[in-house]
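Structure first, commentary second.
Keep in mind that what you see is a predicted model, and the values were worked out from it rather than measured. Both ligands and their constituent atoms are indexed starting at 1 by order of listing.
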Amino acid sequence: MHIRFTKMQGAGNDFVVLDETLARLGLTTAQYRWLADRHFGVGADQILTVRPSPGPGLDFEYVIHNADGGEVEHCGNGARCFVRFVHDKRLTARNPVRVKVKKGELSLHLNPDGRVTVDMGPPVFTSGQVPFDASGLAAQPMGGFERWPVELPDVGEVLLSVVSMGNPHAVLLVGDVDTAPVLQWGPLLESHPRFPARVNVGFMQVVNRGEVRLRVFERGAGETLACGTGACAAVVAGIRLGLLDGQVDVATHGGVLTIEWQDTPSLDATVLMTGPATSVFEGEIDVPALP
Ligand SMILES: N[C@H](CCC[C@H](N)C(=O)O)C(=O)O
């Protein structure tokens, strides 16, 4: 199947963007995986698909597939590239753009300086809704939040907090992200049995109450240069743990994301994420028929 695509990146998290506003491509999981393959396909952390509005008050549907071909609930860096794409392609002139994702609805705003602010919705802290199986574990309280001792084979117990931004996140505190065991512990936690939907694993170094450094081993993609929902999850966990204030710059290997969240008693305050979105190149490719 011959398709057109746009290669984009947000803070180094890279994407293949497909326009299905006129017709569905009908790609299979194996074809999404092929497109994301950095040797046999185009190469990307995720494949983003633009589909027509599913209903009133919404401009588009925003569909996300990880490099492993699995469809997921949310992608923050991808959301910034999404609004850049629909404006560049003149698919809309609205700003902000409202989109439906698997987890809910997002508002995407192109700022005059070219950066993009996304209303990422409210975080969810209830472990069963992340989902995280806390059965038999004794939470270790810190600030107004908890850290859970999770057993890793050949490693022992690691302490982590769990947050959902629509997609599941585990957040670990480390002294130095550069030496953190991201590639050793990331895969063990990603597919740990206590995470029935698997999990994105964030390693956060708190620099001060307004700045953190973060590396994320992503579910279905491995370590990426940045993870938008991971930055949101890490910051809201850090705020709940009493370590961070309401606006935090998150330094990732691919760039800086600014996250804002007010920890209100109602817990329904949404998380705002601001960062870059760049279109890298346009391309065409013949996707092989893969079942
Ligand atoms: N790997 C994530 C999806 C992409 C998230 C990330 N690229 C972002 O910017 O939020 C998951 O399986 O939930």
Inset, instruction - May I ask you to identify, for I64, whether its side chain, its backbone, both or neither come under 4.0 Å of ligand 1 on a heavy-atom basis? - result: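 Looking at I64 and ligand 1, no heavy atom falls under 4.0 Å.
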Atom indices of ligand 1 within 4.0 angstrom of [X] heavy atoms, with elements:
X	result
N167	2 (C), 11 (C), 13 (O)
H74	3 (C), 4 (C), 5 (C)
N200	1 (N), 2 (C), 11 (C), 12 (O), 13 (O)
N13	6 (C), 7 (N), 8 (C), 9 (O)

Legend entry - Smallest separation among heavy atoms of F15 and Q9, with atom names: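 Scanning both residues, the minimum pair turns out to be CD1-CA, 4.3 Å.
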Inset, instruction - Verify the ring-centre separation between F195 and W148: is it less than 6.0 angstrom? - result: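 Between F195 and W148, which both carry aromatic rings, the centre distance is not below 6.0 Å.
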Does [X] come within less than 4.0 angstrom of ligand 1, counting non-hydrogen atoms of the residue?
X	value
A221	no
V72	yes
T224	no

Inset, instruction - Walk me through it: do V130 and F125 pass the test side-chain contact (heavy atoms from CB on, under 4.5 Å)? - result: CA-CA 7 Å; V130 171; F125 299 106; over 6 Å; no
Inset, instruction - Have a look at E190, R80, E218 and point out the one with the heavy atom closest to atom 4 (C) of ligand 1. - result: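 The residue whose heavy atom sits nearest atom 4 (C) of ligand 1 is E218.
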Is [X] close to ligand 1, meaning an N/O of one under 3.5 Å from an N/O of the other?
X	result
N77	yes
T229	yes
C75	no
G76	yes

Inset, instruction - Could you tell me how the ring of F203 sits relative to the ring of W185: parallel (under 30°), tilted (30 to 60°) or perpendicular (over 60°)? - result: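 Because their plane-to-plane angle lies in the 30° to 60° range, the rings of F203 and W185 count as tilted.
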Does a donor on one side chain sit under 3.5 Å from an acceptor on the other, for [X] and [Y]?
X	Y	value
D59	S53	no
E284	H2	yes
E282	T6	yes

Inset, instruction - Kindly check if the number of other-residue, nucleotide or ligand heavy atoms within 6.0 Å of CZ (R94) is above 12? - result: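 Open: at most 12 neighbouring heavy atoms sit under 6.0 Å from CZ of R94.
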Inset, instruction - Give the residue, atom name and distance (to 0.1 Å) of the protein heavy atom nearest atom 9 (O) of ligand 1. - result: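 Residue, atom and distance for the closest contact: G228 N, 2.8 Å.
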Legend entry - side-chain hydrogen bond (donor to acceptor under 3.5 Å, both in side chains), paired with E218, selected from N167, T229, T224, N66: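 Answer to the side-chain hydrogen bond (donor to acceptor under 3.5 Å, both in side chains) test with E218 among N167, T229, T224, N66: T224.
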